[in-house]
Structures are given as structure tokens and as C-alpha cells.
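Notes for the one structure printed next.
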Amino acid sequence: IIDAKEDLSIQVHPTQEFAKKYGLTTGLDEAWIVLEADRNASIQIGHTATTKAQLTEMVVSGRFDELLLYEGISQYDAFYIHAGTIHAIGANTLVYEISQAEDQTFRVYDYQRVDSTTNKMRELHIEQALEVISTPDQFSKKLNETWVAYPNYDYRHVISCDHFRLEQYNMRLTGDLKLTNWGFLTIVKGQGYVGNLSVSVGDTILVPVGHRTIRVEGNLTMIYASIGEKHER
């Protein structure tokens, strides 16, 4: 859960091809669900360059106002961030994030901020970033899955990919949830019970193999993260 009080750094994550070339464990795809956002909040996602040469020139010369694309956001908007997509979470935004298990991030721009531990501007990774940023920017970003009403809850299948699956549940009445796989259930609104556990906002519950049907009580909004299509069992 990322609580961005200010604009986070403009960055990009390594692709699978980059990871294989340089000995990283994996590339890094991720997805976001906006939990809270100020009325004028936005995220940075994607760019305007059409060639690597144009991208390089705009980054090196600092023409970020021309290069970067932004999108306004509101509660429960969801986005898939492909590896190689330049992106950043904007100020006054609370975001749920799921990603592949790789921590490598290449920082492209950081508003000339100073690292308080070194008193120097924070490190950028321009060379690596230029290698992995997809050009032209080709990926769809916003996820527009619709809600489906069931007797006890409303359901939204946010995304399924090779690496992870995200679903969202808005409980209206006490009832059973039949989950697709083992995973992590995070409470993002309300309070109540999951099984015999008392839960409230911010709690995350590990749902193990063999316990995919669970009793839920309370007006709860929950996000369920489970393993991707390559690994389902």
C-alpha cells in the first residue's frame, strides 16, 4: 500500500529481456488500484516519443514537460504497468500495488530532490532506463473491467496475467466467498469478520491452499491477489 504525500520519482522497471541480459531474477510488471485520491490527483504513465533517438534527446535535455503523459484518477481506477513503461504515482494518492518479485527500479527524473542521508541529489539511472523504456509507447494502461452483482456482494475481475491475478469484492450481506486460488485478501474499506477473524482497513489475510471458501461478515471492500495463470493450481 503506497501512500504518496508528494509526487514520486519518474521511473521504469526492467523488462524480461533486460533481466535475462543482465542477470536479474525477472522483469517487473505491476498493477495498481487507486484506493484514495484528491480530486485533481493524477498518475504519470507513458510518453510521447516515437523513436529511441527522440526519447534519448528529450530525457537528456530535460524536456519532461513535453515527454511525459499524465492521467487523472479517481477511487478504484485500476492500471496495468507493463515492464518498460515509464510511470509514477502522483501526490495525495493512496495506491494498492501488486508486482512480480523483483525490486530493481530505474529512476529517470526526481525533481532535483536531495537524499537526506547523503545531502546529494538522488541517483538517476538514465542509461538503463533508456534501454528498457518501450518506444513508441505501445501498451494500454487503464483496466476497465465492470462490476457484476451477486446476491451477497459485487465483484470485479481486475486483471489476470501470467504473473498475478487481482479481484475486488464489495460485500453487502454476510455470505461465503469462493476464491479462485490461494492468495492474499486485503481489507480496503469497512470492518467485519473473515472466518472467525476480526478485520478492518489495512488488514491482509493469507488464504492458504484448501481454504478457498471463506465466510465474510460486514460491509467490507476487499482486494484479492493470487498467483498468475502460469502458476495456478
Side-chain angles (χ1 to χ4, degrees), residues 1-16 18-19 27-100 102-116 121-145 158-159 161 163-164 166 188 223:
I1 307 295
I2 301 173
D3 188 2
K5 302 297 186 185
E6 59 183 8
D7 292 329
L8 301 190
S9 60
I10 307 297
Q11 56 188 246
V12 64
H13 298 309
T15 60
Q16 194 65 38
F18 185 96
L28 204 170
D29 285 13
E30 62 188 18
W32 297 341
I33 298 177
V34 177
L35 302 182
E36 297 177 11
D38 280 4
R39 185 173 62 178
N40 297 319
S42 65
I43 59 169
Q44 189 282 305
I45 187 165
H47 65 84
T48 61
T50 57
T51 65
K52 280 288 186 180
Q54 184 184 30
L55 173 70
T56 301
E57 192 280 326
M58 295 176 84
V59 169
V60 171
S61 62
R63 293 164 55 199
F64 292 104
D65 286 347
E66 300 173 52
L67 176 67
L68 301 177
L69 297 174
Y70 291 82
E71 183 157 352
I73 53 175
S74 57
Q75 189 178 48
Y76 301 141
D77 282 349
F79 297 86
Y80 189 81
I81 315 296
H82 291 265
T85 300
I86 192 168
H87 66 278
I89 296 173
N92 303 312
T93 306
L94 187 69
V95 171
Y96 174 103
E97 177 183 288
I98 183 81
S99 73
Q100 291 179 262
E102 172 58 58
D103 292 332
Q104 186 67 63
T105 295
F106 302 132
R107 194 179 294 127
V108 183
Y109 179 66
D110 195 39
Y111 307 95
Q112 286 80 49
R113 285 188 283 231
V114 173
D115 188 326
S116 59
M121 286 201 301
R122 298 207 296 172
E123 183 182 6
L124 301 179
H125 313 95
I126 301 300
E127 182 179 349
Q128 298 95 324
L130 289 174
E131 183 171 349
V132 300
I133 293 173
S134 298
T135 310
D137 192 27
Q138 57 185 309
F139 299 116
S140 59
K141 310 298 190 313
K142 194 170 184 179
L143 303 170
N144 295 307
E145 297 293 338
V158 181
I159 186 172
C161 64
H163 315 299
F164 45 77
L166 277 184
V188 297
I223 297 172

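Excluded from the calculations below are hydrogen atoms, water molecules and symmetry mates; all remaining heavy atoms, backbone and side chain alike, are included.
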Is any side-chain heavy atom of Ile43 closer than 4.5 Å to a side-chain heavy atom of Lys141?
-> no
With the side chain counted from C-beta on, respond yes when Gln44 and Asp7 share a heavy-atom pair under 4.5 Å apart, and no when they do not.
-> no
Do the side chains of Gln11 and His125 get nearer than 4.5 Å, heavy atoms only?
-> no
Using a 4.5 Å cut-off on heavy atoms from C-beta on, say whether the side chain of Arg122 contacts that of Val114.
-> no
Donor-acceptor contact present, side-chain Asp3 to main-chain Leu94, <3.5 Å = no
Taking C-beta and beyond as the side chain, do Val132 and Phe106 meet within less than 4.5 Å on heavy atoms?
-> yes
Between Glu145 and Val158 the two heavy atoms that sit nearest each other are CG-O, 3.5 Å
Does a donor on one side chain sit under 3.5 Å from an acceptor on the other, for His87 and Glu30?
-> yes
Would you say the side-chain atoms of Ser42 pair up with the backbone N or O of Gly90, donor to acceptor, closer than 3.5 Å?
-> no
Checking side chain to side chain contact (heavy atoms under 4.5 Å, CB included) against Leu35, which of Asp77, Thr93, Val95, Ile223 comes through?
-> Ile223
Closest heavy-atom pair and its distance - Ile81, Ile45 | CD1-CD1, 3.4 Å
Run through Ile86, Leu67, Val59 and flag the one making a side chain to side chain contact (heavy atoms under 4.5 Å, CB included) with Ile10.
-> Ile86
Atom of His13, atom of Gln104 and distance for their closest heavy-atom approach = ND1-O, 3.4 Å
Side-chain donor or acceptor of Arg107 paired with backbone N/O of Glu123 under 3.5 Å | yes
Measure from the side-chain N and O atoms of Gln54 to the backbone N and O of Ala49, and report whether any donor-acceptor pair falls under 3.5 Å.
-> no
Looking at Leu55, Thr56, Thr85, which one forms a side chain to side chain contact (heavy atoms under 4.5 Å, CB included) with Ile133?
-> Leu55
Note: Lys52 and Glu131 closest approach over all heavy atoms is NZ-O, 3.5 Å
Looking at Arg113 and Ser9, what are the two nearest heavy atoms and their distance?
-> NH2-N, 3.5 Å
Determine, step by step, whether Ile159 and Ile98 satisfy the side-chain contact (heavy atoms from CB on, under 4.5 Å) criterion, reporting the C-alpha distance in whole Å, the side-chain angles of both residues, the deciding distance to 0.1 Å, and the verdict.
-> CA-CA 11 Å; Ile159 186 172; Ile98 183 81; over 6 Å; no
How close do Pro136 and Thr50 get, heavy atom to heavy atom, and via which atoms?
-> CD-O, 3.8 Å
Can any side-chain N or O of His47 pair as donor or acceptor with the backbone N or O of Ser134 at less than 3.5 Å?
-> yes
